[in-house]
Engineer: 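First the structure, which I've put down as structure tokens, then a few questions once you've had a look.
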Amino acid sequence: MTDQEFAGVITIDGPAGSGKSTIAKQLAVKLGIQFLDTGAMYRAVALACLQNQISLDNSEQIQKLLPHIDIRFLDGKIYLNRHDVSNQIRTAELAAAASKIAILPMVRSFLNHLQREIGRNRKIVTEGRDQGTAVFPQARFKFFLIAAQEVRAQRRWLDLQSRGQNISFAEVLAEQIERDHRDTHREIDPLQAAKDAITLDTSSMTTDEVLHKLIQEINRCLPH
Ligand code: DC
């Protein structure tokens, strides 16, 4: 891995509901470059396990399943073994399942490899939990978004409501607390800010304000 191969990568990491997906998507559009949603990849692997009735802690079975998993992005949609699963993976159940399989080393190395292939010699905005720390430590720009627990749960609850999912705010909050704990305490590549990341608390910021701030930072560091 050389610094040059991944110089075009911008990483945005943070917990669920920090605003990273919305911001990463909009930043990519603004810069006219590709967007990579790595959480969707973990959700797709979790979906493959559920479809094959594999228990989420059965590492032996999951190891056997991985070579049969094909994940692709096309026109803003994610395909699992050639099926569009973009909507199917957007449930609280799949979020929790993704967080469970994300503790497994073989799942992480399988997806890290795929993510590096996508980012190699390309300009992309990638978002997740470990993009600036483990997957693209050489990325030129790294951001870490945070927000208050209740604010994040409120954003996610509104998002799930808009997708027609009937789930209470209390359930979303409880699932989020459990998931945050698992994501930050797992042994391999836990959710954390890279040492050279810029951390931004988005609790009381609008999407436009966050976007403006990120673009300001990018422009400030680019040679004029
Ligand atoms: O960002 P998301 O809610 O779609 O992510 C779902 C889960 O996937 C998250 O709780 C932990 C896992 N994940 C991860 O471990 N590493 C990433 N880079 C992205 C997601």
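One-based numbering, in listed order, for ligands and for the atoms of each.
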Engineer: Counting only heavy atoms, tell me which of S21, G39, G17 gets closest to atom 20 (C) of ligand 1.
Structural biologist: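 The option holding the nearest heavy atom is G39.
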Engineer: How many angstroms lie between atom OH of Y42 and atom CZ of F110, to the nearest 0.5 angstrom?
Structural biologist: 10.5 Å
Engineer: Given D130, I101, D37, which one has a non-hydrogen atom that is nearest to atom 18 (N) of ligand 1?
Structural biologist: D130
Engineer: So is Q115 touching ligand 1 or not, going by heavy atoms under 4.0 Å?
Structural biologist: no
Engineer: Among L111, D189, D183, which one has a heavy atom closest to atom 11 (C) of ligand 1?
Structural biologist: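 Selected option, by shortest heavy-atom distance: D183.
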Engineer: Provide, to 0.1 Å, the distance between atom 6 (C) of ligand 1 and the closest protein heavy atom, together with that atom's residue and name.
Structural biologist: R179 NH1, 3.4 Å
Engineer: Considering only protein heavy atoms, which is closest to atom 12 (C) of ligand 1, and at what distance to one decimal place?
Structural biologist: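 Scanning the protein heavy atoms, the shortest distance from atom 12 (C) of ligand 1 goes to A102 CB, 3.8 Å.
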Engineer: Quick one: does M41 get within less than 4.0 Å of ligand 1, heavy atoms only?
Structural biologist: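 It does not; every heavy atom stays at 4.0 Å or beyond.
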Engineer: Between the side chains of R179 and T184, is a donor N or O closer than 3.5 angstrom to an acceptor N or O?
Structural biologist: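 There is no such pair (donor and acceptor under 3.5 Å, judged by atom type) between the side chains of R179 and T184.
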Engineer: Under 3.5 Å, side chain of S86 to main-chain N/O of I78, donor-acceptor pair present?
Structural biologist: yes
Engineer: Pull out every atom of ligand 1 sitting under 4.0 Å from any heavy atom of T38, numbered as shown with elements.
Structural biologist: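 With T38 as reference, the close atoms of ligand 1 come out as 17 (C), 18 (N), 19 (C).
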Engineer: For E175 and I167, run side chain to side chain contact (heavy atoms under 4.5 Å, CB included): C-alpha distance rounded to whole Å, both residues' side-chain angles, the deciding distance at 0.1 Å, then the answer.
Structural biologist: CA-CA 11 Å; E175 181 267 328; I167 184 167; over 6 Å; no
Engineer: Indicate yes or no: does D37 engage R90 in a salt bridge with an N to O separation below 4.0 Å.
Structural biologist: yes
Engineer: With heavy atoms only and a cut-off of under 4.0 Å, state how R186 meets ligand 1: side chain, backbone, both or neither.
Structural biologist: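 Contact part for R186 vs ligand 1: side chain (C-beta onward).
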Engineer: I'd like to know if K142 and D13 make a salt bridge, using a cut-off of under 4.0 Å between side-chain N and carboxylate O.
Structural biologist: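 Between D13 and K142 there is no salt bridge, as every charged N stays at least 4.0 Å from the carboxylate O atoms.
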Engineer: So which of R108, R90, R43 gets nearest to atom 15 (O) of ligand 1, if we judge by its closest heavy atom?
Structural biologist: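 Answer by nearest heavy atom: R108.
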Engineer: Quick one: nearest non-hydrogen protein atom to atom 13 (N) of ligand 1, plus distance?
Structural biologist: Y42 CD1, 3.6 Å
Engineer: Could you see which bit of R182 sits under 4.0 Å from ligand 1, with heavy atoms only: side chain, backbone, both or neither?
Structural biologist: neither
Engineer: Between D159 and R163, does any NZ, NE, NH1 or NH2 come within less than 4.0 Å of an OD or OE carboxylate oxygen?
Structural biologist: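 Salt bridge: yes.
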Engineer: Measuring from S109:OG to D189:CG, what's the distance to the nearest 0.5 Å?
Structural biologist: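 If I round to the nearest 0.5 Å, the distance is 10.0 Å.
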Engineer: Backbone or side chain, does any N or O of R129 fall under 3.5 Å from an N or O of ligand 1?
Structural biologist: yes
